[in-house]
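Down below is the structure, laid out as structure tokens.
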Amino acid sequence: MAEEKSLNFIEEIIENDIAEGVNGGRVQTRFPPEPNGYLHIGHAKSICLNFGLAKKYNGKCNLRFDDTNPTTEETEYVESIKKDIEWLGFKWDNEFYASDYFDKIYQFAVTLIKKGCAYVDDSTAEEIAATKGSTFQAGSDSPYRGRSIEENLRLFEEMRDGKYEDGAKVLRAKIDMAHPNLLLRDPVIYRIKHAHHHRTGDKWCLYPMYDFAHGESDSIEEITHSICTLEFIHHRPLYNWFIEQLGIFPSKQYEFARLNLTYTVMSKRKLLKLVNEGYVTSWDDPRMPTLSGMRRRGYSPEAIRKFCDTVGVAKRENMIDLSLLEFCVREHLNKVTDRVMAVLDPVKMIITNYEEAGDVFEIENNPETPNGYRSVPFGKELWIERDDFMEDAPKKFFRLTPGNMVRLKGAYIVKCEGCKKDEAGNVIEVHCTYLPESKSGNDTSGLTVKGTIHWISVQHALTAEVRNYDRLFKVEDPSSEEGDFKDYINPDALQVMPSVYIEPSLAKARPGESYQFMRKGYYCVDTDSTADKIIFNRTVGLKDTWAKETKKN
RNA sequence: AGUCCGAUGGUGUAACGGUAGCACCACAGUUUUUGGUACUGUUUGUCUAGGUUCGAAUCCUGGUCGGACUACCA
């Protein structure tokens, strides 16, 4: 028997419902984004939850665009959202739009008016806010609250027909101006907006508010479990009130805590600022927590899904360590990426006793998931990492230092003989001798060395641009710091290395492909790459216990 | 001030009145032709005060702390 994973609280609710035969045991969820921006990692949690639940319980999950505010929504966003969901690996059962239901929702409003449960209010937004009261003070009734059903019906129709300017009138639910829950103090449910809608065009100048569209859309689609984030918890009584008054399918709303990640921000408003004010280059900038940014950075859908699964679903506020996401990314990439060699900060190594025409080594692509071998040409002159050589090294330095030996990955063991410096004292060449009998694969030297380093043959090296990314902010929670969140942006979050050396096998690398640069990290080919200039993004570095060790001292 | 949520190691998340477990992080070690991976181990926790009970992280009461709510946004 497989070990049973404990259920999250929503799964418990669903299993109870199924056991009790609620809705005949049917499970129908939905992912309801507003098409006014790009999806981020927080949305991924919701997507994994909604689609995951449907899958787990043999149900269905709809993609529904909550497009009730024509002034902020665009088709461009619809397309990017669909692309991101597909990339994450989910398929929706139906693609719906709240705007598909505008006629039905309008009729719902008429029903409410006829029941005496809604009225047309001529007050201004300011007047409505002023009579709303506050958390410790009851509101007061609008002077228009007592209008007759007939008058309300006529006025509402005229609103729809375009007789009034934006803001001249609204439709309000008639509930209770003294209700402790401010949302139930006669909420506005329809407002006039003479605006072009990305799907319904100019058909409407009257649009329902979220509270009068969301639950109604859920009900129309017969959503059984309507899952949203905690900030909507106060809306639930309203959600239920409308459904009850209308006598429509009783969808139920459940709330979970949204995802927060350290060293980034998640609010659409803040992300928009980062883009508009040029702190990042675009929505898909690899520093962004957007799904498009993460995709471009090289985070895999598998890793993101694993991450969402690992963080769990609960009702308490949370702040997830970025290191957990990075762990998930490394865990997946470790299994699937081919290893290659790239020298980011080069210094030349000369093997003084190597006079061969030039060996070509067959090096294993992936020790975790065997994926064949590739040819890597060798030579007398190699590029190696500058920090793999140290003239005066500490005891635990297992790399090149005069008199010490290392293995050149997949090739020979070399012994460091010394170095050559320029007038300023910078090392410009590292001199070594190699042991011919230590050839990789049939080493008869009997030697074991502690260090293995990567290398690129100078004669065969290709060049590439590398973009190293780091956390976007310097502090864990920029939103909770004093002052402007932008003051905490990490200026070193992007570090461009215009010309690094990569092994010739990478000539075939294509945008989107991921590799492990041995001993360095995971890198993927950026979409900015061209035929003559290949660009790599650092997805995430490898764990570096040596760096940690040196930092300690 | 009111209403509603919530509170378990540094971070997340389990335990559904009966041994506080798992993952990440951190630290130590083993293996290693990546100072990677894998494996092993260590440190660290039930907000608080009462109550119910043979027994409480769990149930009850009070307190404390954190969050959400006063848009013609979603």
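Keep in mind that what you see is a predicted model, and the values were worked out from it rather than measured. Just so we're on the same page: letters track the sequence lines, and every chain starts at 1.
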[atom1] atom, [N] versus [M]: distance in rounded Å?
N       : M       : atom1 : result
rG10(B) : rA26(B) : P     : 16 Å
rC5(B)  : rU43(B) : C1'   : 34 Å
rC4(B)  : rC54(B) : C1'   : 37 Å
rU40(B) : rC25(B) : P     : 15 Å
rU31(B) : rA38(B) : C1'   : 8 Å
rC73(B) : rC65(B) : C1'   : 31 Å
rA23(B) : rC60(B) : C1'   : 34 Å
rU19(B) : rA56(B) : C1'   : 14 Å

**Report entry** Salt bridge present between Asp218(A) and Arg64(A) (N-O < 4.0 angstrom)
**Finding:** yes
Requested in this report: For the pair Asp141(A) and Arg185(A), find out whether any cationic side-chain nitrogen is under 4.0 Å from an anionic carboxylate oxygen.
Outcome: no
Watson-Crick or G-U wobble mate for [N], both contacts under 3.5 Å:
N       : result
rG12(B) : rC22(B)
rU52(B) : none
rU3(B)  : rA68(B)
rU34(B) : none
rA57(B) : none
rG63(B) : rC47(B)

Under the 3.5 Å rule, do the base of [N] and the side chain of [X] count as making a donor-acceptor pair?
X         : N       : answer
Arg407(A) : rU33(B) : yes
Thr135(A) : rU70(B) : no
Arg399(A) : rG35(B) : yes
Glu476(A) : rG10(B) : no
Gln137(A) : rU70(B) : no

Any side-chain N or O of [X] less than 4.0 Å from the OP1 or OP2 oxygen of [N]?
X         : N       : value
Lys548(A) : rA26(B) : yes
Thr68(A)  : rA74(B) : yes
Arg191(A) : rA74(B) : yes
Thr545(A) : rG36(B) : yes
Arg172(A) : rC72(B) : no
Lys306(A) : rA23(B) : no

Identify whether any heavy atom of [X] sits under 4.0 Å from a base atom; if not, whether one sits that close to sugar-phosphate; answer base, sugar-phosphate or nothing.
X         : result
Tyr190(A) : nothing
Phe397(A) : base
Asn318(A) : sugar-phosphate
Phe398(A) : base
Glu317(A) : sugar-phosphate
Ala314(A) : sugar-phosphate
Val313(A) : sugar-phosphate
His235(A) : base
Arg339(A) : base
Ser323(A) : sugar-phosphate
Gly133(A) : base
Glu326(A) : nothing
Thr124(A) : base
Lys193(A) : sugar-phosphate

Separation of atom [atom1] in [X] from atom [atom2] in [N], rounded to whole Å:
X         : N       : atom1 : atom2 : result
His332(A) : rA38(B) : NE2   : P     : 14 Å
Ile413(A) : rU34(B) : CD1   : P     : 12 Å
Glu331(A) : rC39(B) : CD    : P     : 10 Å
Trp241(A) : rC4(B)  : CH2   : P     : 20 Å

Report task. For the pair His332(A) and Ser300(A), evaluate side-chain hydrogen bond (donor to acceptor under 3.5 Å, both in side chains) and give the outcome as yes or no after the intermediate values. Result -> CA-CA 8 Å; His332(A) 179 239; Ser300(A) 61; 2.6 Å; yes
Query raised in the report: Between Glu165(A) and Ile192(A), does a side-chain contact (heavy atoms from CB on, under 4.5 Å) hold up when you go through it step by step?
Result: CA-CA 7 Å; Glu165(A) 294 302 303; Ile192(A) 299 168; over 6 Å; no
Query raised in the report: Choosing from rC25(B), rU34(B), rA23(B), which nucleotide comes nearest the side chain of Thr452(A)?
Result: rU34(B)
Requested in this report: Compare the minimum distances between each of rU34(B), rA71(B), rG6(B) and the side chain of Arg316(A), then state the nucleotide with the smallest one.
Outcome: rG6(B)
Query - Aromatic ring of Tyr210(A) stacked on base six-ring of rA74(B), 5.5 Å, 30° - result: no
Query raised in the report: Would you call the rings of Trp383(A) and Tyr501(A) parallel, tilted or perpendicular, where under 30° means parallel and over 60° means perpendicular?
Result: parallel
Query - Any donor-acceptor N or O pair under 3.5 Å, side chains Glu216(A), Tyr239(A) - result: no
Query raised in the report: Is a donor on one side and an acceptor on the other found under 3.5 Å between the side chain of Ser80(A) and the backbone of Tyr77(A)?
Result: yes
Report summary line: Closest non-hydrogen atoms of Asp67(A) and Ala98(A), given as atom of the first, atom of the second and distance, are OD1-N, 3.2 Å
Query raised in the report: Can you name the closest pair of heavy atoms from Ser123(A) and Ser142(A) and give their distance?
Result: OG-OG, 3.7 Å
